[in-house]
Number of protein chains: 2
Amino acid sequence: MTTAKRADARKNIESIMDAATACLARDPDVSVAEIAKAAGVGRVTLYGHFESRSTLVTQVVERAIQQTDEALAAVDLDGDPRTALSNLLEASWRLTQQYGALIVAAEQSMPHEQFQAVHLGLMDRWKPLMERGRRDGSFRDDQPLQWQLTLLQSVLHAASGAVYRGEIKATDAAALIDDTVQSALTPPGKD
Amino acid sequence: MTTAKRADARKNIESIMDAATACLARDPDVSVAEIAKAAGVGRVTLYGHFESRSTLVTQVVERAIQQTDEALAAVDLDGDPRTALSNLLEASWRLTQQYGALIVAAEQSMPHEQFQAVHLGLMDRWKPLMERGRRDGSFRDDQPLQWQLTLLQSVLHAASGAVYRGEIKATDAAALIDDTVQSALTPPGKD
DNA sequence: ATTAACTCGAACACCGATGTACGACAACGG
DNA sequence: CCGTTGTCGTACATCGGTGTTCGAGTTAAT
């Protein structure tokens with residue numbers, strides 16, 4: 001019964017989602033006014049399509065989650081665990097650059113449970129690979145798995161910040177990340 | 001000419017600084033009202049001693065910087081670079097736990113230049129050690145030094161978050177940090 | 001004991017951001 | 001071409017945080 005939306009309305013919704021994604025990736029506390037301006041749209045129009053700031057953020061985050069999940073699902077995780085990890089890191093690096101601080105906005109605007117559920121869901125892309133690598137001796141297993149996963153995220157985040165501050169070039173980052181993580185996960189005395 | 005402050009006033013100023021440090025370490029956006037309450041003092045009294053929120057933050061940060069600098073200066077950095085790094089990491093970990101997100105508050109409330117100057121000052125505690133270790137083959141030197149410094153900070157921050165979320169025990173963190181960093185800095189093919 | 005310094009709560013003005021209401025105008029879709 | 005849908009600017013109410021003022025009450029210090 002819901003009459004189909006008009007073409008320009010759909011286009012504006014798209015613009016708003018895109019602008020919001022880009023803005024929130026830079027500053028998770030960006031105002032609705034700035035998002036609207038970035039989208040080339042009036043603030044009132046934005047509120048016509050999204051109930052509140054928080055619902056906008058939620059929708060943006062959900063779309064990002066979905067695209068992230070798809071991108072990670074497309075990564076080949078078979079074969080040598082170290083190679084598989086390289087692939088996963090490269091894909092994750094692209095996503096980290098794209099979405100930046102969006103995860104911070106999510107943490108502030110989404111109900112705590114939901115956020116944690118999503119976060120655990122994304123972690124499950126890494127967990128099996130890491131467990132396999134630990135079993136077959138590719139990765140060190142004398143540290144908690146959870147810590148190693150946290151470390152992965154941390155390195156990606158650090159690289160994002162370093163690129164932003166101009167400390168390293170974006171083109172070098174991928175190799176640097178891979179290098180660093182592989183080194184950190186190498187079993188002691190096995191090189 | 002400035003008459004000495006009264007005893008209770010000095011005590012209150014102390015309480016406020018301490019409470020502000022603790023509060024800002026947890027939440028860099030904490031309100032002045034909450035800081036005052038945590039200090040067991042009226043909000044007006046706080047404004048009697050500090051011109052504004054931003055000057056309070058600045059003073060708190062400056063004191064933290066000073067204490068941090070002293071603590072790091074007391075660390076023995078001679079001898080084997082890897083041992084020295086362990087010492088420096090342990091001291092830094094204590095400070096990270098103590099001051100937590102205070103650095104975020106600093107970044108938001110202080111003039112950009114001043115913050116960066118302070119940050120570079122603290123970095124200079126690490127830089128000579130790292131350079132020495134890279135020269136004598138203790139640490140890998142096929143990555144930018146700046147990146148390795150960023151990585152150090154990142155690991156400390158990650159550990160802080162992990163402890164906060166209950167992923168790892170605070171007592172285990174120090175060893176885990178040292179283990180991780182040493183592993184990441186080990187030259188490839190030399191173990 | 002007297003005074004100057006200090007504390008405190010309540011009330012106020014101010015600011016920026018969120019969210020709403022209205023009315024004129026534009027453009028999509030049949 | 002006409003009606004529905006959507007857009008836009010302005011204006012307004014609200015909320016939370018900052019910073020100030022006032023006046024009455026306490027407390028340190030000589």
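We use all heavy atoms of the structure for the numbers below, so side chains are in, but hydrogens, waters and symmetry mates are not. To find a chain, count down the sequence lines: A is the first, B the second, and so on, and within it residues start at 1.
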With the side chain of [X] defined as its heavy atoms from C-beta on, choose the nearest nucleotide among [options].
{"X": "A:S52", "options": "C:dA21, D:dT20, C:dG19", "value": "C:dG19"}
{"X": "B:N12", "options": "C:dA10, C:dC6, C:dT7", "value": "C:dT7"}
{"X": "B:S31", "options": "D:dT10, C:dC8, D:dG17", "value": "D:dG17"}
{"X": "A:A9", "options": "D:dT7, C:dC8, C:dT20", "value": "D:dT7"}

Give the rounded distance in Å between these two atoms: [atom1] of [X] and [atom2] of [N].
{"X": "A:K5", "N": "C:dG29", "atom1": "NZ", "atom2": "P", "value": "14 Å"}
{"X": "B:R10", "N": "C:dA5", "atom1": "CZ", "atom2": "P", "value": "15 Å"}
{"X": "B:D29", "N": "D:dG16", "atom1": "CG", "atom2": "C1'", "value": "13 Å"}
{"X": "A:D8", "N": "D:dG6", "atom1": "CG", "atom2": "P", "value": "8 Å"}
{"X": "B:I16", "N": "C:dT7", "atom1": "CD1", "atom2": "C1'", "value": "11 Å"}
{"X": "A:D27", "N": "C:dA17", "atom1": "CG", "atom2": "C1'", "value": "13 Å"}
{"X": "B:E51", "N": "D:dT20", "atom1": "CD", "atom2": "P", "value": "8 Å"}
{"X": "A:H49", "N": "D:dG6", "atom1": "NE2", "atom2": "P", "value": "7 Å"}

Exercise. Does B:R43 make a side-chain donor-acceptor contact with the base of D:dG19, cut-off 3.5 Å?
Worked result: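 Between D:dG19 and B:R43, which were checked side chain against base, a qualifying N/O pair under 3.5 Å is present.
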For this session: Decide yes or no, distance alone: a donor-acceptor N/O pair under 3.5 angstrom between the base of D:dG19 and the side-chain of B:R53.
Result: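 By the distance-only test, no, there is no pair.
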Exercise. Tell me, do A:D69 and A:R125 make a side-chain contact under 4.5 Å, heavy atoms counted?
Worked result: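 When only atoms from C-beta onward are counted, A:R125 and A:D69 do touch, with a gap below 4.5 Å.
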Exercise. Hey, does A:M110 have a side-chain heavy atom less than 4.5 Å from the side chain of A:V57?
Worked result: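 Not in contact.
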For this session: Look at the side chain of B:S154 and the backbone N and O of B:T150, then say whether any donor-acceptor pair between them is shorter than 3.5 Å.
Result: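 No, B:S154 side chain to B:T150 backbone: no donor-acceptor pair under 3.5 Å.
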Problem set entry | Polar side-chain atom of A:T96 near backbone of A:S92 as donor-acceptor pair, under 3.5 Å |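 Side chain of A:T96 to backbone of A:S92, a donor-acceptor pair under 3.5 Å: yes, one is there.
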Exercise. Will you find, in the side chains of B:Q143 and A:T180, an N or O donor that is under 3.5 Å from an N or O acceptor?
Worked result: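 Yes, side-chain donor-acceptor contact under 3.5 Å.
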Exercise. Given that B:E34 and B:V44 both sit by DNA chain D, which one's nearest nucleotide is further toward the 5' end?
Worked result: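 Going by which nucleotide is closer to the 5' end, it is B:E34.
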For this session: Answer with base, sugar-phosphate or nothing: what part of the nucleic acid does A:V32 contact at a heavy-atom distance below 4.0 Å?
Result: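 Result for A:V32 = sugar-phosphate.
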